Amino acid sequence: MSTPAGSGVRFPHDETYGPRAAATMLARHLPADAVDQWLAWALPALRLVPAAPLDEVVARLGGDPDLPDGVPWPVWEGHGPLGYVGELDCAALAGAGVAVPASGRLLFFFFDGSYDDFEGVVSIFDPGSAAGARVLHVPQGVAAQRRNPPDERVPRLREVRCTARRVLTFPCRELPVVEEALERLAGLSQDDRSAVDALTDALLDWPAEPRHQVGGHAHAAQGPVEHDVAEGALRAAGAADPDREAIVSEATRWSLLLQVDTDDALGAMWDDCGTLAWFTRDGDPTVHGFAWQSA
């Protein structure tokens, strides 16, 4: 969570998950002097929601990709073609504070395992499986054609064109800085401890599903997603069993780029209500990491 997502000021707030709603939610559960601290940890993000006819379209989830001639469909050798997840319009995200090229489109692909009966599973513990999650940049002005998957067994999602709404997102409770704050609060009265427990429960549903999102904090189902992508990067660099200190340090270099949730509208279900998350490292729009979690 090294770099906050920018404001994306031309996009309206989703008032249900905006600053005022966040402050109100926190005040219901925290002592007054702790509310400002939690708000300081919040990161703005762009929540992707279905676009109305006059909305600016910033992303397209599902459907089929527009690929230039000569660019092969991504394949995980030995396992099969990846499924197309969606794309971001880079120019439309200017000012949103995420590391994307200045123009063109970013296309996202993922191998969900169904093609080869789950012989291949993308995992941070297997650096070789990184080929199962890909990002392609198609530069502005390069001719591209809508392309069908190369095989009917490749998963195909229903298309949803998305606009953006500004929201606040909160860190996973298992990040060290949050754990330390919760430990301090746990020394308070029983009522305060109960309120903190209620807060962590409330944050599990903030924002509501489906959590398609650009920037901000990744939504965690099984611990900090930032730690997962960091551990995957360390293992890919040769660390057989990176320790917690190394993972926590490396995690500060990664920022969420795109999160795509399980969603009935897309026909998307990754394992048990899983969520896919792509990250960038040190603000470099050409360096990507990936992690995914399921409930």
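All of these numbers come straight from a predicted model, not from anything done at the bench.
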What's the separation between atom CD in Gln222 and atom OG in Ser294, rounded to the nearest 0.5 Å?
5.0 Å
Tell me whether Glu209 contacts the main-chain N or O of Asp263 through its side chain, where contact means a donor paired with an acceptor under 3.5 Å.
no
Do any N or O atoms from the side chain of Thr262 and from the backbone of Gly274 form a donor-acceptor pair under 3.5 angstrom?
yes
At their closest point, which heavy atom of Ala220 faces which heavy atom of Val225, and how far apart are they?
CA-CG2, 4.0 Å
Please check if Val287 and Val229 belong to a single hydrophobic cluster, counting links between Ile, Leu, Val, Met, Phe, Trp and Tyr side chain heavy atoms closer than 4.5 Å.
yes
Which atom of Ala45 lies closest to which atom of Gly215, heavy atoms considered
CB-O, 3.4 Å
Quick check on the 6.0 Å ring-centre criterion: do Trp41 and Phe170 meet it?
no
Just verifying a value: how many Å separate Arg166 CZ and Glu15 CD, rounded to the nearest 0.5 Å?
9.0 Å
Quick check with a 6.0 Å cut-off and a 45 degree axis cone: is Arg153 positioned over the face of Tyr115's six-membered ring?
yes
Taking every heavy atom of Pro285 against every heavy atom of Pro101, the minimum-distance pair comes out as CB-N, 3.8 Å
What's the separation between atom CG in Asp112 and atom CH2 in Trp292, rounded to the nearest 0.5 Å?
8.0 Å
Donor-acceptor under 3.5 Å (Thr275 side chain, Gln293 main chain)
no
Just so I know, are the side chains of Arg235 and Pro242 near enough to count as touching, which here means a heavy-atom distance under 4.5 Å?
yes
Please say yes or no: joined through hydrophobic side-chain contacts below 4.5 Å, possibly via intermediate residues, are Leu175 and Leu39 part of one cluster?
yes
Determine whether Arg156 and Asn148 make a side-chain contact, defined as any pair of heavy atoms from C-beta on separated by less than 4.5 Å.
yes
Does some side-chain heavy atom of Asp205 sit less than 4.5 Å from a side-chain heavy atom of Arg211?
yes
For residues Val121 and Val154: do they belong to one hydrophobic cluster (side chain heavy atoms under 4.5 Å, members Ile, Leu, Val, Met, Phe, Trp, Tyr)?
yes
Salt bridge present between Glu159 and Arg60 (N-O < 4.0 angstrom)
yes
Are the side chains of His212 and Cys162 in touch, meaning some heavy atoms are under 4.5 Å apart?
no
May I ask you to decide if Ser249's main-chain N or O and Thr252's side chain share a donor-acceptor pair within less than 3.5 Å?
yes
Would you give the length of the straight line joining atom OG of Ser103 to atom CG of Asp89, rounded to the nearest 0.5 angstrom?
9.5 Å
Would you call the rings of Trp270 and Phe110 parallel, tilted or perpendicular, where under 30° means parallel and over 60° means perpendicular?
perpendicular
Could you grab the distance from atom CD of Glu250 to atom CD of Glu231, nearest 0.5 Å is fine?
11.0 Å
Please report the closest heavy-atom contact between Gly283 and Ala99, naming both atoms and the distance.
O-CB, 3.5 Å
Do Val160 and Leu48 have side chains that get closer than 4.5 Å, going by heavy atoms?
no
Is there a donor-acceptor pair under 3.5 Å between the side chain of Trp38 and the backbone N or O of Leu30?
no
Evaluation steps, side-chain contact (heavy atoms from CB on, under 4.5 Å), between Val85 and Leu276
CA-CA 9 Å; Val85 176; Leu276 312 182; 4.0 Å; yes
Enumerate the ring pair (Phe, Tyr, Trp, His ring centres under 6.0 Å) contacts for residues 54-88, please, sequence neighbours excluded, ordered by first and then second residue.
Trp73-Phe109, Trp76-His79, Trp76-Phe111, Tyr84-Phe109
Applying a strict under-4.5 Å side-chain criterion to I, L, V, M, F, W and Y, I'd like to know whether Val71 and Leu107 cluster together.
yes
Under a 3.5 Å distance rule, please check whether Arg105 uses its side chain to pair with a backbone N or O of Leu136 as donor and acceptor.
no
Tell me if a side-chain donor or acceptor on Asp282 pairs with a main-chain N or O of Asp284 at a distance below 3.5 Å.
no
Can you tell if the side chain of Leu88 reaches within under 4.5 Å of the side chain of Phe108, non-hydrogen atoms only?
yes
Locate the shortest heavy-atom distance separating Pro68 from Arg147; write the atom from each residue and the value.
O-NH2, 2.9 Å
Determine the minimum heavy-atom distance between Val138 and Asp66, stating which atoms define it.
CG2-O, 4.3 Å
Any Val100 side-chain heavy atom under 4.5 Å of Leu106 side chain
yes
One thing to verify: whether Arg165 and Asp55 come together as a salt bridge, which I'm taking to mean a side-chain N less than 4.0 angstrom from a carboxylate O.
yes
Does Arg146 have more than 12 heavy atoms from other residues, nucleotides or ligands lying within 6.0 Å of its CZ?
yes
In terms of the angle between their ring planes, are Phe279 and Trp254 parallel, tilted or perpendicular, with boundaries placed at 30° and 60°?
perpendicular
Return yes if some donor-acceptor pair links the side-chain N/O of Thr280 with the main-chain N/O of Leu257 below 3.5 Å, else return no.
no
Under a 3.5 Å distance rule, please check whether Thr169 uses its side chain to pair with a backbone N or O of His217 as donor and acceptor.
yes
Just how far is it from atom CG of Asp228 to atom CZ of Phe290, taken to the nearest 0.5 Å?
10.5 Å
Cluster overlap Val178 with Leu203, hydrophobic side-chain contacts below 4.5 Å
yes
Would you check if Met25 and Leu199 make a side-chain contact, meaning some heavy-atom pair closer than 4.5 Å?
yes
Would you say that more than 12 heavy atoms from the other residues, nucleotides or ligands in this model lie under 6.0 Å from the CZ of Arg281, or not?
yes
Counting N and O atoms only, with roles assigned by atom type, does the side chain of Arg158 sit under 3.5 Å from a partner on the main chain of Asp264, one being a donor and the other an acceptor?
yes
